[in-house]
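In what follows, every chain begins at residue 1, and chains take the letters A, B, ... in the order their sequences are listed.
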Protein chains: 2
Amino acid sequence: MDNIKDLNTDENPDKSTEKLILKAAKDVFHRKGLAGARMQEIADEAGLNKAMLHYYFRTKDKLFEAIFSEECCGFFDKLADLINVDLPLLEKIEHFVENYTELLLKNSYIPAFIISEMHHNPEKIKHMFIDRIFSVKYKFLGDITTAVSLGLIKPVDPRQLIVNIIALCIFPIAARPMLTLMLEFNDKEYLDFIETRKKEVAKFIINSIKIN
Amino acid sequence: MDNIKDLNTDENPDKSTEKLILKAAKDVFHRKGLAGARMQEIADEAGLNKAMLHYYFRTKDKLFEAIFSEECCGFFDKLADLINVDLPLLEKIEHFVENYTELLLKNSYIPAFIISEMHHNPEKIKHMFIDRIFSVKYKFLGDITTAVSLGLIKPVDPRQLIVNIIALCIFPIAARPMLTLMLEFNDKEYLDFIETRKKEVAKFIINSIKIN
DNA sequence: GTCTATATAGGGATAGAC
DNA sequence: GTCTATCCCTATATAGAC
């Protein structure tokens, strides 16, 4: 019995050191990006010293990798669950917009982070979700193609519709600082605005594609 | 007559040194972001040495500022032109989507850049466009509010509609690497897809808000 | 496992020759 | 204006005591 690293003898009884590091690193990487993040800042935010970060994760790159591969996997798994739900297309879109927006709100740093790091280090983060992205895409494409061929919705390019749906959900989360500036929101107003979108965006999409 | 800096005696007869630096810096900042960009890389790409960058722009921050304040101003000025065009709302939206998409394509690095740097250094880049953003917003808000009150379109929250329009235009440009990965595009396929969107997105929006 | 102290490199910035 | 050489701080990473 030599592996008792979760003894938690310090002042954070319910959080192991590793968890503290991961939490702090997540926040700092989110705020500053990979290149802008400083190991010192992560250590400070975790209430530890730099040496501990290296003890647990060896390098900054490995720490980054550990966090975001897990975050991205979890995020895309939940996304897949939303797409695989068994509903007619219009109800599925309604369900998707509402729950995807909720998921994005709970992981509000992920969209801007992926957009940003995909531009700066595409090769470094592609592999975090490339395996999971295709099943989501094919399921969604199939649903739309079927609905079109059954005459349930207007004829549309399924790829364009998917991009429209995703754009309407992701953009207001990814561009929060810009939206907040432009529409002069405080935090509450912003969150209310997004809450309203859960219903409004679904209506906006369905109005556009439904057969009159 | 001691100011003859545009003599262009070197192998780039039509580009001053300052222009070479700005061009290289723009590309590198775009690829790597402010924090990830290296003065050495900019110098290499411009075919010069680091000392020249400091000679012309003193610091990395000032070089960054010089490029993106100009880029952002130009971008938002053109955006304002699109909003101020004198057309009925539905035609204006059609005109806007087509021309804004074209503008975004020509400045394809700006959306992801603004999203990314607004998260990492909001205070550093807000001032680049804060003065220009409001006139655009109020004009657009006014147009939509008028159209709603005249019964020309369905009743909608003008702010939600604006965010929808912008999201549909910006997202596919900002998230190009993600889209390319997900839809397995090569460069030509991606550009064709965006070209198609110029018409499709306008139809998508108008279908949703027009009175039947 | 956790800390302090330190090695080493990288990168922004400057000095000074031409 | 342009270059080479160098300064010096910052940041990642490691060594070693406890």
Side-chain angles (χ1 to χ4, degrees), chain A residues 1-29 31-68 120-121 124, chain B residues 1-29 31-68 120-121 124:
Chain A
M1 197 170 193
D2 43 48
N3 189 348
I4 38 173
K5 74 170 185 178
D6 280 301
L7 215 42
N8 295 319
T9 50
D10 64 318
E11 71 282 354
N12 290 288
D14 54 352
K15 291 221 172 189
S16 69
T17 301
E18 191 172 343
K19 292 271 176 57
L20 282 174
I21 295 172
L22 287 169
K23 169 80 173 69
K26 200 178 84 169
D27 291 347
V28 174
F29 280 132
R31 284 202 304 273
K32 305 292 180 66
L34 172 57
R38 295 289 164 256
M39 296 295 267
Q40 184 62 59
E41 189 176 351
I42 295 172
D44 291 346
E45 198 149 319
L48 300 164
N49 55 69
K50 285 186 296 179
M52 294 305 292
L53 309 190
H54 289 100
Y55 176 79
Y56 279 92
F57 296 95
R58 280 194 47 79
T59 68
K60 182 183 176 182
D61 261 28
K62 284 186 167 53
L63 174 56
F64 179 83
E65 171 86 14
I67 290 168
F68 283 102
H120 301 157
N121 317 290
K124 192 170 284 176
Chain B
M1 196 169 198
D2 43 51
N3 190 347
I4 38 175
K5 75 172 183 175
D6 280 301
L7 214 43
N8 296 318
T9 49
D10 64 318
E11 69 282 353
N12 290 288
D14 54 353
K15 290 219 172 190
S16 69
T17 300
E18 191 172 343
K19 292 269 175 58
L20 282 174
I21 295 172
L22 287 168
K23 169 80 172 68
K26 199 178 85 170
D27 291 347
V28 175
F29 279 132
R31 283 203 304 274
K32 304 292 179 66
L34 171 57
R38 295 288 165 258
M39 294 297 266
Q40 185 62 59
E41 190 176 350
I42 296 172
D44 291 346
E45 199 150 319
L48 300 164
N49 55 70
K50 282 190 296 179
M52 293 306 293
L53 310 190
H54 292 287
Y55 177 78
Y56 278 92
F57 296 94
R58 279 194 48 78
T59 69
K60 183 183 177 184
D61 261 27
K62 285 187 167 53
L63 175 55
F64 179 82
E65 171 86 14
I67 291 166
F68 283 102
H120 301 158
N121 317 290
K124 192 170 284 176

TODO: Heavy atoms only: give me the nearest A/Ala43-A/Leu53 pair and the separation to one decimal.
DONE: N-CD1, 4.0 Å
Open item on the list: Between B/Tyr55 and C/dA13, is there a contact of a side-chain N or O with OP1 or OP2 at under 4.0 Å?
Closed with: no
Task: Under-4.0 Å side-chain N/O to phosphate OP1/OP2 contact, A/Arg38 with D/dT12 - done: yes
- [ ] Specify the separation, in whole Å, of atom NZ of A/Lys19 and atom P of C/dG1.
- [x] 14 Å
- [ ] Check step by step if salt bridge (charged side-chain N to carboxylate O under 4.0 Å, His left out) holds for A/Lys124 and A/Asp61.
- [x] CA-CA 10 Å; A/Lys124 192 170 284 176; A/Asp61 261 28; 3.2 Å; yes
Task: d(CG, B/Asn49; P, C/dA13) in whole Å - done: 15 Å
Task: Phosphate OP1/OP2 of D/dT14: any A/His54 side-chain N/O under 4.0 Å - done: no
Task: Between C1' of D/dA13 and CG of A/Leu53, the distance in whole Å - done: 11 Å
Open item on the list: What I want to find out is whether B/Lys23 reaches B/Glu45 closely enough, with some N-O distance under 4.0 Å, to be called a salt bridge.
Closed with: no
Open item on the list: Under 4.0 Å, counting only non-hydrogen atoms across every strand here, what does B/Ala35 touch: a base, just sugar-phosphate, or nothing?
Closed with: nothing
- [ ] Check whether any side-chain N or O of A/Thr17 sits under 4.0 Å from OP1 or OP2 of C/dT2, and answer yes or no.
- [x] yes
TODO: Give one of base, sugar-phosphate or nothing for B/Ala43, where a contact means two heavy atoms less than 4.0 Å apart.
DONE: nothing
- [ ] Check every strand shown and say whether A/Met52 touches a base, only sugar-phosphate, or nothing at a heavy-atom separation below 4.0 Å.
- [x] base
Task: Nearest to side-chain heavy atoms of B/Met39, which nucleotide of D/dG1, C/dG12, D/dT12 - done: C/dG12
Open item on the list: Measure CZ/A/Phe64 against C1'/D/dA13 and give the value in whole Å, please.
Closed with: 19 Å
Task: Non-hydrogen atoms of B/Glu18 and B/Phe57 that approach each other most closely - done: CG-CZ, 3.8 Å
Open item on the list: Output the rounded distance in Å from CD (A/Glu41) to C1' (D/dT10).
Closed with: 14 Å
Open item on the list: How many whole angstroms separate atom CD of A/Gln40 from atom C1' of D/dA13?
Closed with: 13 Å
- [ ] Starting at atom CG of B/Leu48, determine the distance to atom P of D/dT2, rounded to an integer number of angstrom.
- [x] 7 Å
- [ ] Round to a whole Å and report the spacing from NZ of B/Lys62 to P of C/dG12.
- [x] 15 Å
- [ ] Using a strict cut-off of less than 4.0 Å between a Lys/Arg side-chain nitrogen and an Asp/Glu carboxylate oxygen, indicate whether A/Glu41 and A/Arg31 qualify as a salt bridge.
- [x] yes
TODO: Please confirm whether any donor atom in the side chain of B/Lys50 sits under 3.5 Å from an acceptor in the base of C/dG12, or the reverse.
DONE: yes
